Number of protein chains: 2
Amino acid sequence: MVLFADLDEQDFSAIHTPIDDLEFKKGSTLYDRSSRSQGIYTLRTGMVKLVRVTADGRQRIVRILRPGDVVGLEVLTSPCYDSDAVALTEVSVCRIPVDVIFKLGANNQRLHLKLMQKWQQTVKDADDWLADLNFGTARQRVSNLMLKMRSPDDPEMTTIFSRDDMGAMLDLKMETVSREINQLMREEVIEQLDRLGRVYRIRNSELLMTN
Amino acid sequence: MVLFADLDEQDFSAIHTPIDDLEFKKGSTLYDRSSRSQGIYTLRTGMVKLVRVTADGRQRIVRILRPGDVVGLEVLTSPCYDSDAVALTEVSVCRIPVDVIFKLGANNQRLHLKLMQKWQQTVKDADDWLADLNFGTARQRVSNLMLKMRSPDDPEMTTIFSRDDMGAMLDLKMETVSREINQLMREEVIEQLDRLGRVYRIRNSELLMTN
DNA sequence: CGAGCGCTTGACCGGCGTCAACACCCGTGG
DNA sequence: CCACGGGTGTTGACGCCGGTCAAGCGCTCG
């Protein structure tokens, strides 16, 4: 209940339309650009990637969403979504139809404030993504991604993605991503914790930052 | 009056705080990250760049704003700005104190809708910027920038920036930008119209798009 | 055990960065 | 009027980072 955290009882009684709790499997798409609006989603657990296809047919990941983020805000003012949303892990979300937002929002100042905060966070995330992950050498990009994907409750842990996805995030080729990660491991800056190459421990965050 | 286009007389009478019309010279900064919020700006004429400084001290331009855009929306929910805003040309803006927005918004549904549309446009612009201008070869990036900066009322005309600024937008070095532009001119895809290298005519937009 | 997928690693190549020289525009001052 | 200097843009030579192509490894699942 990211958006409704501090609504009154009476606010809730105004809701007649159902709010669905949904689960998505790893790899399944919550929505794509062609689909009509089915509402906005608040992300409870898991990670979601927002994907666009460039003019020349390649995939570009424009942002990663994590628990607490809102997915698909754009349909509040637009009939369709701006990108595809694909689950990177098992994902559980809460889907809220657009008209529920408008009914509640009609005379609810606090919801407007919460929405505005979500918009602001989205813009900031987008700008951060551009400034931190798409600038500089391959090594800098990979380092910054490892830092950005740290676990909120244990900043030594970080979990990343398939090498292909990382390429689409950082504008690098899979092979380059692989090389940089293994280089960081040889230098003992990071340490692999699983067998699949997704979970790492950061042993020297200083060095990652000053790359 | 981008935001207040369809407000009632009575809405306006609620405003006591002054709304300033301001002018900025080319190169002057409207605000920077350290400055306290002085309100949001609607851009009437000219162009503004939003700039961030990366960890390693280089400048990154995250977006260009043009007439009709709103500058500094983030201070509606945050005490300070997320980036520096610098005038790329002579600029005239309309500055609206934050509390005016809140006073008007308290019971004005249409203003909320307008604001939401501005937020959505901002996110879309940010994502477009990432997907179109920071992906692919130098030639593709320069081509896409020329397309994005076309004049709204004459799509054959496009006006760009200093080579250094273009580098900070596209994550390329000045020299590379210069080479690509001159290459496009030799191929007669574009044609320079001024002596400073800012205004061009697009002679073959097909070719620019399919690069 | 073998097929298939994702990841790693090596060899090679090309595009972009680096460094430097130079052209051009403009303002200033002689 | 020209001489000069600084800022911006262009162009060339060269080197290196990251892309390309290909082989091989290690899982997982049939």
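Each chain gets a letter, A, B and so on, in the order the sequences are listed, and its residues count up from 1. Since this is a predicted model, take the numbers as computed values, not measurements.
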From C:dG17, C:dT8, C:dG10, nucleotide with atom closest to B:Thr176 side chain: C:dG17
Heavy-atom contact window of chain A on DNA chain D, given 5' to 3' at under 4.0 Å: D:dG18 to D:dT28
Touch class at under 4.0 angstrom, heavy-atom based, for A:Arg195 against every strand present: sugar-phosphate
Cation-pi, A:Phe135 ring and B:Arg58 (6.0 angstrom, 45 degrees): yes
Length of the CD-C1' vector between B:Gln192 and C:dC24, whole Å: 12 Å
Nearest-angstrom distance from the residue atom CZ of A:Arg179 to P of C:dT8: 11 Å
Residue B:Lys173, side-chain atoms from C-beta onward, closest of C:dT18, C:dT9, C:dC7: C:dT18
Side chains of B:Leu50 and B:Leu65 in contact at under 4.5 Å (non-hydrogen atoms): yes
Set of side chain to side chain contact (heavy atoms under 4.5 Å, CB included) partners for B:Leu196, sequence neighbours left out: B:Asp194, B:Arg198
Any A:Asn204 side-chain heavy atom under 4.5 Å of A:Glu187 side chain: no
Geometric class of the A:Tyr81/A:Tyr41 ring pair [parallel <30°, tilted 30-60°, perpendicular >60°]: tilted
Atom-pair distance (CG on B:Leu170; C1' on C:dG15), nearest Å: 16 Å
Along DNA chain D (nearest heavy atom to each residue), the more 5'-positioned of B:Phe161 and A:Leu196: B:Phe161
Along DNA chain C (nearest heavy atom to each residue), the more 5'-positioned of A:Arg198 and B:Leu172: A:Arg198
Separation of atom CE in B:Met174 from atom P in C:dA20, rounded to whole Å: 14 Å
Atom-pair distance (CD on B:Gln140; P on C:dG15), nearest Å: 12 Å
Base C:dG15 paired with B:Arg139 side chain (donor-acceptor, <3.5 Å): no
Interatomic distance where CG belongs to A:Leu88 and P belongs to C:dG6 [whole Å]: 14 Å
Gap between atoms CG and P, on B:Asn182 and C:dA23 respectively (whole Å): 16 Å
Whole-Å distance separating the CZ atom of A:Arg163 from the C1' atom of C:dC7: 7 Å
Summary of ring-ring contact (aromatic ring centres under 6.0 Å, His included) pairs that have at least one residue in residues 174-209 of chain A, sequence neighbours excluded: none
Heavy-atom check, side chain of B:Gln121 versus side chain of B:Val70, under 4.5 Å: no
